[in-house]
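In what follows, a structure is listed as structure tokens, so that the remarks can point back to it.
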Amino acid sequence: QVQLVESGGGLVQAGGSLRLSCAASGRTLSTYIMGWFRQARGMQREFVGASSRSGFSTYYAESVKGRFTISRDNAKNTVYLQMNSLKPEDTAVYYCAADRSTAIDTTEGGYDYWGQGTQVTVSS
């Protein structure tokens with residue numbers, strides 16, 4: 001089992017940047033596909049992006065492609081979500097999640113472990 005803790009959220013102006021971190025304990029992250037999801041108030045949780053176990057492959061939702069980047073440092077057991085050119089519609093609670101399978105999954109149900117989330121607020 002792996003425990004995930006997100007950090008790095010906060011308030012930023014539109015056009016700004018934030019980097020979220022997801023630190024893992026309990027198991028090494030290199031054995032998991034890592035995903036990021038977000039949930040805006042009153043909305044369903046949605047897929048943001050995911051990284052393969054090695055980090056060589058990534059996949060992003062169209063809404064964030066070209067602005068967000070996932071990276072991972074397996075030695076530090078940490079995954080990052082770099083968010084640039086932020087928009088007010090990016091405001092949400094952001095969650096990282098770990099998937100024991102071998103292929104990137106864009107659905108919530110495909111992930112086995114979740115962090116508690118970190119709030120990102122983008123002001124206009």
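A cation-pi contact, defined as under 6.0 Å to the ring centre and within 45° of the axis, links R45 to Y95.
Interatomic distance, T28 OG1 to N77 CG, rounded to the nearest 0.5 Å: 4.5 Å. Distance check: R67 CZ to S17 OG gives 10.0 Å after rounding to the nearest 0.5 Å. Once rounded to the nearest 0.5 Å, the distance linking CG of D99 with OG1 of T31 reads 10.5 Å. Atom SG in C22 sits 11.0 Å away from atom CH2 in W114 (nearest 0.5 Å). Taking CD1 of I33 as the reference point, atom CZ of R100 lies at 12.5 Å (rounded to 0.5 Å). We find the OG-CG distance between S63 and D90 to be 7.5 Å, quoted to the nearest 0.5 Å.
Heavy atoms of other residues, nucleotides or ligands lying less than 6.0 angstrom from CD of Q116 number 12 at most. Atom NZ of K65 has more than 12 neighbouring heavy atoms from other residues, nucleotides or ligands inside a 6.0 Å radius.
Between I104 and A50 the shortest heavy-atom distance is CG2-CB, 3.7 Å. In this structure, L18 and L86 approach most closely via the heavy-atom pair N-CD1, 3.9 Å. In plain terms, the two heavy atoms of S21 and T78 that are nearest each other are CB-CG2, 4.2 Å. Minimum interatomic distance between P88 and A14 (heavy atoms only, all atoms of both residues): CD-CB, 4.1 Å. Of all non-hydrogen atoms in Q119 and T91, the two that sit nearest each other are NE2-CG2, 4.0 Å. Across G9 and L20, no two heavy atoms sit closer than the pair N-CD2, 3.5 Å.
Between F68 and W36, the distance from one ring center to the other does not fall under 6.0 angstrom.
Looking only at distances, a side-chain donor or acceptor of R72 sits under 3.5 Å from a matching main-chain atom of S52. R41 contributes no side-chain N or O that, together with a main-chain N or O of V93, makes up a donor-acceptor pair within less than 3.5 Å.
Checked against R38 for a salt bridge (Lys or Arg N to Asp or Glu O under 4.0 Å), the options E89, E108, E46 give a single hit: E46.
Note on L81: it does not cluster hydrophobically with Y59, by side-chain heavy-atom contacts below 4.5 Å among ILVMFWY residues. Residues L4 and Y111 fall into different hydrophobic clusters, defined by Ile, Leu, Val, Met, Phe, Trp and Tyr side chains chained together at heavy-atom separations under 4.5 Å. No path of Ile, Leu, Val, Met, Phe, Trp and Tyr side chains, each step under 4.5 Å between heavy atoms, connects V2 with F37, placing them in separate hydrophobic clusters.
At least one side-chain heavy atom of R53 sits under 4.5 Å from a side-chain heavy atom of T102. F47 is not listed as a side-chain neighbour of D105, based on a closest heavy-atom distance of 4.5 Å or more. No side-chain heavy atom of M83 sits under 4.5 Å from any side-chain heavy atom of V12. Y94 is not listed as a side-chain neighbour of E6, based on a closest heavy-atom distance of 4.5 Å or more. Proximity of Y32 to R27: side-chain heavy atoms (C-beta onward) are separated by under 4.5 Å at one or more points. Between Y80 and D73, the closest side-chain pair of non-hydrogen atoms falls below 4.5 Å. Proximity of Q13 to S123: side-chain heavy atoms (C-beta onward) are separated by under 4.5 Å at one or more points. Side chains of M34 and I70 form no contact here, defined as non-hydrogen atoms less than 4.5 Å apart.
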